[in-house]
Amino acid sequence: MSGEGERLAELAKRRGYFFGATEAYGGAAGFYTFGPQGAALKANVEDAWRDRFTVREGNFEIEAPTIMPEPVFEASGHLDGFDDMLVACPDCGESHRADHLLEDNTPIEDAESLPLAEVEDLVADHDIRCPTCGGDLADEAVTQFNLMFETNIGPGSSTPGYLRPETAQGIFVEFPRIKEYARNSLPFGVTQIGRAYRNEISPRKSIVRTREFTQAELEQFVDPERDDPHLDSVADVEVTLYPATEQHDDGGEYVETTVGEAVAAGTIGDPWIGYFVGIAQEWYETLGVDMDRFRFRQHLAGERAHYAADCWDAESEVDGDWIEIAGFAYRGDYDLSKHADHADDDFTIFREFDEPRDVERAVVDPDMSVLGPEYGSEAADVASALEELADRNPAAFDGETVTVSVGGETRTVDTDVAGFRIEERTINGEHITPHVIEPSFGVDRTVYTLLAHAYNEDEVDDETRTYLSLSPTVAPTDVGVFPLVSNVPELVDRAEAIVDDLRRAGFSVTHDDSGSIGRRYRRQDEVGTPFCVTVDRDGLEGDGPDTVTVRERDSGRQVRLPVESLSTELDAVMDGDTSFDGLVAAYDAVTTDAGS
RNA sequence: GCGCCAGUGGUCCAGUGGUAGGACAGUGGCUUCCCAAGCCACUAGCCCGGGUUCAAUUCCCGGCUGGCGCACCA
């Protein structure tokens with residue numbers, strides 16, 4: 001079961017995809033460095049994401065800080081909600097969530113919100129036992145573990161800050177500015193690609209679960225009553241769904257359907273979620289994810305954050321496990337409302353009514369020259385009580401006098417002193433808090449999925465050939481260029497000239513003239529370079545224009561084409577405008593021992 | 001965090017109470033007109049700290065890192 005992952009990890013180390021960081025100092029769990037190939041692959045994934053989810057959707061990309069001051073996370077709920085209360089069993093050493101133990105064994109609900117000391121007392125009072133071995137937890141300390149990395153902003157510790165635990169937080173915080181940029185009109189989407197940090201208790205599974213990782217997130221801000229996605233554009237996209245209702249202990253059935261049908265049938269509860277699921281399906285496919293090892297899984301009710309109406313994960317199967325590579329959540333107005341409560345800024349959008357509305361409203365305009373002398377310092381309170389009463393019960397002003405209660409005392413005011421009247425006003429609209437649909441992509445996990453799904457082993461002449469069948473759209477190196485043999489100066493020189501030309505044309509090129517040609521092909525196979533160009537003597541000695549051979553990575557097939565057409569044809573094949581078969585048909589196939 | 005297992009050139013492994021050997025990879029050279037060929041030469045290693053010992057890569061303890069299981073993954 002771990003074979004695939006181990007072989008991939010080994011190749012990743014050797015070929016510069018990724019490796020444990022700071023190994024020279026013993027390393028630190030949960031941190032990885034992307035090597036030259038990995039960094040390029042990741043950049044290609046990010047670029048592809050940007051093309052699809054920012055540029056093509058007409059969204060706005062921002063780049064907010066990774067460190068933000070404490071109040072941001074008080075508002076977002078991460079300071080409290082990101083805490084785990086752990087208690088360790090003195091007998092068997094198991095650590096358990098103290099709040100969960102209380103909730104499971106007592107009528108107490110939401111134990112997570114209780115102070116640490118109280119939880120400690122409650123554990124003792126209720127004689128909570130270790131669920132693993134039955135050990136006595138009464139005298140054990142309950143420790144707080146917050147998954148956020150803490151730091152100080154500036155000297156001293158007066159301004160605590162935290163590394164953001166999710167990339168998107170900056171989008172919510174900066175919403176007041178961004179909405180101005182968006183000219184106060186919904187819907188609009190804001191994206192951010194960047195690092196997020198979680199001090200995981202136990203990072204595992206290679207680069208799948210790390211303490212520092214990259215997310216590509218989109219916050220789609222919508223008017224829940226007016227804005228609909230362009231569902232038509234993805235209605236026919238076929239998807240494999242794994243709805244909550246199918247997720248039993250003994251497995252369940254996948255639902256093979258289309259986005260349009262899934263939304264119509266209510267399998268996917270929200271059309272925006274459906275829309276992004278459709279886009280994501282297509283996007284992953286173009287990246288080269290093996291769609292037979294890919295599904296959308298709906299969150300179970302208990303798994304969902306309390307504010308999320310519906311939530312689906314994109315999952316890929318790697319190394320025998322399903323891992324989450326993206327999440328699609330309908331978050332309602334949760335995030336913006338939280339920031340509105342905690343911050344001074346305005347997190348709403350003004351929505352105009354279709355037609356201005358004339359409304360009648362009861363208002364008061366108390367005569368303070370009367371109330372002031374009469375009630376002194378209490379006058380202002382009386383006035384606001386009148387205001388409140390007018391709004392609540394206009395009929396109270398029908399008589400000669402009106403009575404309000406201020407500070408427990410009854411105060412009677414002449415109606416004409418209160419200045420009661422019915423005001424007619426024209427209201428053009430209202431302030432609403434936009435709802436948010438959040439597609440959130442794990443970039444590192446996507447990279448890992450691409451590598452795992454691209455990993456192949458062939459038997460060639462009783463030898464194992466390892467190659468990464470990465471799609472040309474993401475492959476970190478586009479093309480390898482070699483002289484067929486390295487002791488013929490004309491071939492070496494020509495190859496170098498071609499390298500230069502191709503790099504000038506924008507290709508990522510590797511040049512290699514060491515060892516035999518077969519060895520060089522194998523190197524590029526392991527890196528996943530889609531095409532290799534080889535300069536041979538036949539190509540120089542012909543009567544016509546110079547030619548080179550182009551080899552396709554997965555099949556080993558070769559085609560001979562003129563040097564002048566090389567970069568054009570490579571471009572066409574990489575963009576998918578033509579296939580390698582197309583090249584073979586248009587030019588001369590080359591027969592070799594290995595190619596077929 | 002807990003338990004089990006592991007840590008030896010770049011990678012994968014062997015081995016030893018007296019500081020190590022292979023395979024593959026890599027570099028330079030020869031050779032080579034199409035898939036890890038061959039020949040010569042070379043580079044490069046015992047995770048860290050403490051203990052036991054005349055002597056520790058080896059034994060013991062602790063740490064770190066990795067794999068698996070448990071827990072965790074808002």
Side-chain angles (χ1 to χ4, degrees), chain A residues 1-2 5-7 9-16 19-31 73 76-97 99-100 112 130-133 143 145-148 165-166 198-206 208-211 303-308 319 323-324 458 460-467 482-488 491 514-526 532 534-541 548-549 551 553 555-558 560 590-596:
Chain A
M1 168 170 142
S2 56
E6 277 166 19
R7 287 197 298 271
E10 187 265 317
L11 185 146
K13 267 188 271 192
R14 263 189 313 111
R15 291 301 182 193
F19 45 85
T22 61
E23 281 176 332
Y25 291 93
F31 296 97
F73 300 106
S76 71
H78 287 107
L79 210 51
D80 297 329
F82 227 52
D83 265 344
D84 284 343
M85 288 186 263
L86 297 179
V87 59
C89 172
D91 296 340
C92 70
E94 287 288 325
S95 277
H96 299 278
R97 288 278 298 264
D99 50 332
H100 287 182
E112 199 176 348
C130 171
T132 308
C133 72
T143 54
F145 186 78
N146 191 288
L147 259 25
M148 282 196 293
E166 60 178 13
R198 296 179 193 178
N199 202 359
E200 297 281 357
I201 297 173
S202 169
R204 285 283 170 86
K205 302 256 180 222
S206 183
V208 169
R209 215 170 124 207
T210 54
R211 290 187 164 123
E303 188 176 2
R304 225 159 44 206
H306 60 276
Y307 47 80
D319 209 17
I323 60 168
E324 173 192 350
D458 262 3
V460 179
D461 296 334
D462 291 330
E463 269 179 320
T464 304
R465 177 180 82 118
T466 303
Y467 65 101
F482 326 125
L484 182 59
V485 292
S486 50
N487 62 348
V488 178
L491 297 184
S514 149
S516 72
I517 186 68
R519 178 178 296 256
R520 286 175 258 157
Y521 285 148
R522 289 292 188 272
R523 286 189 189 123
Q524 293 312 308
D525 287 342
E526 280 198 343
C532 287
T534 301
V535 184
D536 61 357
R537 224 174 271 149
D538 293 347
L540 295 183
E541 289 172 350
V548 291
T549 62
R551 168 187 180 268
R553 174 196 58 212
S555 68
R557 290 184 304 167
Q558 284 182 288
R560 177 176 295 280
V590 178
T591 311
T592 67
D593 293 345
S596 52

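The structure displayed is predicted, hence computed values, not measured ones. Throughout, a chain's letter reflects where its sequence line sits, starting with A, and its residues are numbered from 1.
- Using P as the reference atom, B:rA14 and B:rC59 are 14 Å apart when rounded to the nearest Å.
- Separating the P atom of B:rC47 from that of B:rC13 is a span of 14 Å, rounded to the nearest Å.
- Straight-line distance between the C1' atoms of B:rU58 and B:rU52: roughly 13 Å, to the nearest whole Å.
- Contact between the side-chain N/O atoms of A:Arg523 and the OP1/OP2 oxygens of B:rG26 is found at a separation under 4.0 Å.
- With rounding to whole Å, A:Lys13 atom NZ is found 10 Å from B:rG10 atom C1'.
- Comparing A:Glu324 and A:Ala28 by the nucleotide of RNA chain B that holds the closest heavy atom to each, the one mapping nearer the 5' end is A:Ala28.
- In this structure, B:rG1 forms a base pair with B:rC70, meeting either the Watson-Crick or the G-U wobble geometry with both donor-acceptor distances under 3.5 Å.
- Look at B:rC46: it lacks any Watson-Crick or wobble partner with both distances under 3.5 angstrom.
- A:Arg198 contributes a side-chain N or O that, together with a main-chain N or O of A:Pro165, makes up a donor-acceptor pair within less than 3.5 Å.
- Taking atom C1' on both nucleotides, B:rA55 is separated from B:rC2 by 37 Å, rounded to a whole Å.
- Taking the P atom of each, B:rU53 and B:rU43 are spaced 39 Å apart, rounded to whole Å.
- Taking every side-chain heavy atom of A:Lys205 into account, B:rC68 is the closest of B:rC68, B:rC34, B:rA74.
- Here the side chain of A:Arg520 pairs a donor or acceptor atom with the backbone of A:Gly515 at under 3.5 angstrom.
- Between A:Arg522 and A:Glu526 no salt bridge is recorded (no basic side-chain N to carboxylate O distance below 4.0 Å).
- Atom CD in A:Glu10 sits about 18 Å away from atom P in B:rG66, given to the nearest Å.
- A donor-acceptor contact shorter than 3.5 Å links the side chain of A:Arg211 to the backbone of A:Glu200.
- With hydrogens and angles ignored, a donor-acceptor pair under 3.5 angstrom links the side chain of A:Gln558 to the base of B:rC34.
- In the set B:rG67, B:rU27, B:rA36, B:rA36 carries the atom at the smallest distance from any side-chain atom of A:Glu463.
- Rounding to the nearest 0.5 Å gives a distance of 6.0 Å between CZ of A:Phe73 and CE of A:Met148.
- If you take CZ of A:Arg519 and P of B:rC24, they are 9 Å apart, rounded to a whole angstrom.
- Separating the CE atom of A:Met148 from the C1' atom of B:rC73 is a distance of 15 Å, rounded to the nearest angstrom.
- Within the shown strands, nothing qualifies as a pairing partner of B:rU58 under the Watson-Crick or G-U definition with both distances less than 3.5 Å.
- Listed here is the closest heavy atom pair of A:Val548 and A:Val535: CG1-CG2, 4.0 Å.
- Applying the 3.5 Å distance criterion, the base of B:rC72 shares a donor-acceptor pair with the side chain of A:Arg209.
- Rounded to the nearest Å, the gap between the C1' atom of B:rC12 and that of B:rU19 is 22 Å.
- Rounded to whole Å, atom P of B:rG9 lies 11 Å from atom CD of A:Glu23.
- Contact annotation for A:Ser206: backbone-only contact, meaning every heavy-atom pair under 4.0 Å involves sugar-phosphate atoms and none involves a base.
- No hydrogens or angles were tested; on distance alone, nothing pairs the side chain of A:Ser202 with the base of B:rC72 as donor and acceptor under 3.5 Å.
- Atoms CZ (A:Arg522) and C1' (B:rA37) sit 12 Å apart, rounded to a whole Å.
- A straight line from CZ of A:Arg465 to P of B:rC34 spans 18 Å, rounded to a whole angstrom.
- One cannot find a donor-acceptor pair under 3.5 Å joining the base of B:rC48 and the side-chain atoms of A:Tyr25.
- To the nearest whole angstrom, the two C1' atoms, one in B:rC48 and one in B:rU32, are 47 Å apart.
- Separating the P atom of B:rC70 from that of B:rG9 is a span of 31 Å, rounded to the nearest Å.
- OP1 or OP2 of B:rU32 has not a single side-chain nitrogen or oxygen of A:Ser516 nearer than 4.0 Å.
- When both distances must be under 3.5 Å, the Watson-Crick or G-U wobble mate of B:rA37 does not exist.
- Nucleotide B:rC64 forms a Watson-Crick or G-U wobble pair with B:rG7, both donor-acceptor distances falling under 3.5 Å.
- Protein atom CG of A:Asp525 is 13 Å distant from nucleotide atom P of B:rC35, rounded to whole Å.
- Between the CG atom in A:Leu491 and the CG atom in A:Asp536 there is a gap of 7.5 Å [rounded to 0.5 Å].
- Pairing for B:rU32 is absent, with no Watson-Crick or G-U wobble pair whose two atom distances lie under 3.5 Å.
- In the set B:rU32, B:rC35, B:rC34, B:rC35 carries the atom at the smallest distance from any side-chain atom of A:Arg551.
- Using a 4.0 Å heavy-atom criterion, one finds that A:Gly16 contacts no nucleic acid atom at all.
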